[in-house]
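Quick note on labels: first sequence line is chain A, next is B, and so on, each numbered from 1. The model shown is predicted, which means the values in this text are computed figures rather than measured ones.
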There are 2 protein chains.
Amino acid sequence: MIATTSRRAPRRDSAENRESLLAAARVVFNRDPNASLETVAAQAGLSRRSVYGHFANRDDLLLELVTTGARRVASALQSVSHPDPLTRLALIASKLWREVESVRVIAVVAVRGSLAHHTADILGAIRFHVRTAISEGQADGSMRRDVPTERLARLVEETALVVLEDSTEHPLSARDGDRLAMLMTLAIVGLGWRDADAFIDSKPELAWPESQPNPGLRH
Amino acid sequence: MIATTSRRAPRRDSAENRESLLAAARVVFNRDPNASLETVAAQAGLSRRSVYGHFANRDDLLLELVTTGARRVASALQSVSHPDPLTRLALIASKLWREVESVRVIAVVAVRGSLAHHTADILGAIRFHVRTAISEGQADGSMRRDVPTERLARLVEETALVVLEDSTEHPLSARDGDRLAMLMTLAIVGLGWRDADAFIDSKPELAWPESQPNPGLRH
DNA sequence: AATAACTTGCACAGTAACGTGCAAGTTATT
DNA sequence: AATAACTTGCACGTTACTGTGCAAGTTATT
């Protein structure tokens, strides 16, 4: 609780416990989005009762978790910029993967569940970003024109989630996941697979970071 | 209930009511998979109590619904056969769309929810069918080789669901949905969009039925 | 018309959560 | 060391369902 009219400052560990609860929720809800607060509290090493000392209710906790996560993703993706729409879209896909990878399940819930509306608000700018890229790509002929922009944009978004979901059940190295996210995005917007692979390999911006300092990678 | 040791035959309307309940469940659960039995019974024009006269419990009802649906789909898709793996895959996508279109939400639940294992059993043969087509396609060079067969197969399956989900929120004519399902499938397995469109248009098997008897179709 | 086969409404027990009030404890801060 | 700021355990009320027993209906079948 925030003490508004008292003489003494709030205890430091209160804020820490609050963070513990959020961290615990991130872990637990990422395993099972319907887990009870009992489970979350246990993971945080606290009692269920004390959850209510930090959050009004379950929804409030989830809301905060999703909000901060979505903001983090939004600001990360917002920074992507590149003159070529195809590259830009691939960069967005790649960065999305890297940001969300460790919170896949919650991300899916945030976008699909009852907070979808709220999440959509936060991600609104990104959505616009994606739509702009697709629209430009359709205009310059680098992306498919046989599906309307809006629908294509949604399919691109959903496909990103599919890669996330599949990789949850069938793990993938971060690097492979990153590439798969780009490949599937390019596939949906219309590139043939050879073109997509060549495209990614031709753009240094799309290369996996590790390989720069260490070019002689085995396997 | 089935009377095993009685003198008189079961009333005819019992079977009818059972069907009503299944039909109601199909409608209601397709709107909200978590709807209560109260809602289902109301839709069927019966009382909640009488549901238990036909089904042991909620799960039992859902199980029967999903089982018969999955069997229907399985037998429909099983009949698809074509020497060319790409055409075969497109045909499967198309037929899947047509079979599932009106039961999209339940289909998604059946595949993703707690009955996933059970559904997977029924659809096992289809899954194998899809994997075979993809494997052949990869071998003959018509499908992408940069993603392992198993993963590509799952992505194809998931993509089919994405089209179903998107069309639930943003309706599509049956014809457009059918084509979109094929296009997205072909995209995932590696075709560029122009190739995919040309491919579909070049194969009479993949044409929309209506246009055959009535070639002069406006708009 | 008799009656078995169904349906219904109601009451009740069960479940698995959520959210709260309170008294007693613990701990960081001053 | 005093004390406000937290945490805890427990009891309790609430919600929204599922599933059952039973007595009193209604209806298809014979």
*Please list, chain by chain and in numerical order, all residues satisfying side-chain contact (heavy atoms from CB on, under 4.5 Å) with A:Asn30, sequence neighbours excluded.*
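side-chain contact (heavy atoms from CB on, under 4.5 Å) check on A:Asn30 returns A:Val103, A:Val105, A:Ile106.
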
I'd like to check the salt bridge (Lys or Arg N to Asp or Glu O under 4.0 Å) partners of [X]; sequence neighbours left out, ordered by chain and number.
X	answer
A:Glu101	none
A:Arg11	A:Asp13
A:Arg48	none
A:Asp176	none

_Does anything in residues 26-45 of chain B form a salt bridge (Lys or Arg N to Asp or Glu O under 4.0 Å)? List the pairs, not counting sequence neighbours._
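Listed by first then second residue: nothing to list.
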
*Just grab all the salt bridge (Lys or Arg N to Asp or Glu O under 4.0 Å) pairs involving residues 163-172 of chain B, residues at least two apart or on different chains.*
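Found A:Arg112-B:Glu165, A:Arg151-B:Asp166, A:Arg154-B:Asp166, B:Arg112-B:Glu165.
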
*A:Gln138 and A:Thr149 side chains, donor-acceptor separation under 3.5 Å*: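 Per modelled atom types, A:Thr149 and A:Gln138 side chains form a pair under 3.5 Å.
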
*asked:* Taking side chain to side chain donor-acceptor pair (under 3.5 Å) as the cut-off, I'd like each qualifying pair that reaches into residues 124-137 of chain A, sequence neighbours left out, listed once.
replied: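 As it turns out, the side chain to side chain donor-acceptor pair (under 3.5 Å) pairs with a partner in residues 124-137 of chain A, which skip direct neighbours, are A:Arg88-A:Glu136, A:Arg127-A:Glu157, A:Arg131-A:Glu150, A:Arg131-A:Glu157.
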
Under 4.0 Å between a side-chain N or O of [X] and OP1 or OP2 of [N]?
X	N	result
B:His54	C:dC6	no
B:Ser50	C:dT8	yes
A:Tyr52	C:dT20	no
A:Asn17	D:dC6	no

*Could you give the CZ-to-C1' distance, from B:Arg58 to D:dC17, as a whole number of Å?*
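B:Arg58 atom CZ is separated from D:dC17 atom C1' by 9 Å.
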
*To the nearest Å, how far apart are B:Phe55 CZ and C:dT7 C1'?*
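The answer, rounded to whole Å, is 15 Å.
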
*Interface with DNA chain D, restricted to residues 21-49 of chain B and to heavy atoms under 4.0 Å*: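 The answer is B:Ser36, B:Leu37, B:Arg48, B:Arg49.
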
Show me the protein contacts with nucleotides 25-28 of chain D, counting only N or O atoms at under 3.5 Å.
{"unit_1": "D:dT27", "atom_1": "O2", "unit_2": "B:Arg11", "atom_2": "NH1", "d": "3.0"}
{"unit_1": "D:dA28", "atom_1": "O4'", "unit_2": "B:Arg11", "atom_2": "NE", "d": "3.4"}

_Let me check the geometry of the helix from C:dA1-D:dT30 to C:dT30-D:dA1. What is the bend angle between the axes at its two ends, five pairs each, to 10°?_
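Axis-to-axis angle, ends of the helix: 10°.
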
*Taking B:Thr119 for the side chain and B:Ala110 for the main chain, is one N or O donor matched with an acceptor at less than 3.5 Å?*
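Checked: pair present.
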
*Among the candidates D:dG19, D:dT30, C:dA5, find the nucleotide nearest to the side-chain atoms of B:Ala9.*
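Among D:dG19, D:dT30, C:dA5, the one nearest the side chain of B:Ala9 is D:dT30.
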
For residues 63-70 of chain A, which side-chain N or O atoms pair as donor and acceptor with protein atoms under 3.5 Å away, sequence neighbours left out?
{"unit_1": "A:Glu64", "atom_1": "OE1", "unit_2": "A:Arg18", "atom_2": "NH2", "d": "2.5"}
{"unit_1": "A:Glu64", "atom_1": "OE2", "unit_2": "A:Arg18", "atom_2": "NH2", "d": "2.9"}
{"unit_1": "A:Thr67", "atom_1": "OG1", "unit_2": "A:Leu63", "atom_2": "O", "d": "2.6"}
{"unit_1": "A:Thr68", "atom_1": "OG1", "unit_2": "A:Glu64", "atom_2": "O", "d": "3.2"}
{"unit_1": "A:Thr68", "atom_1": "OG1", "unit_2": "A:Leu65", "atom_2": "O", "d": "3.2"}

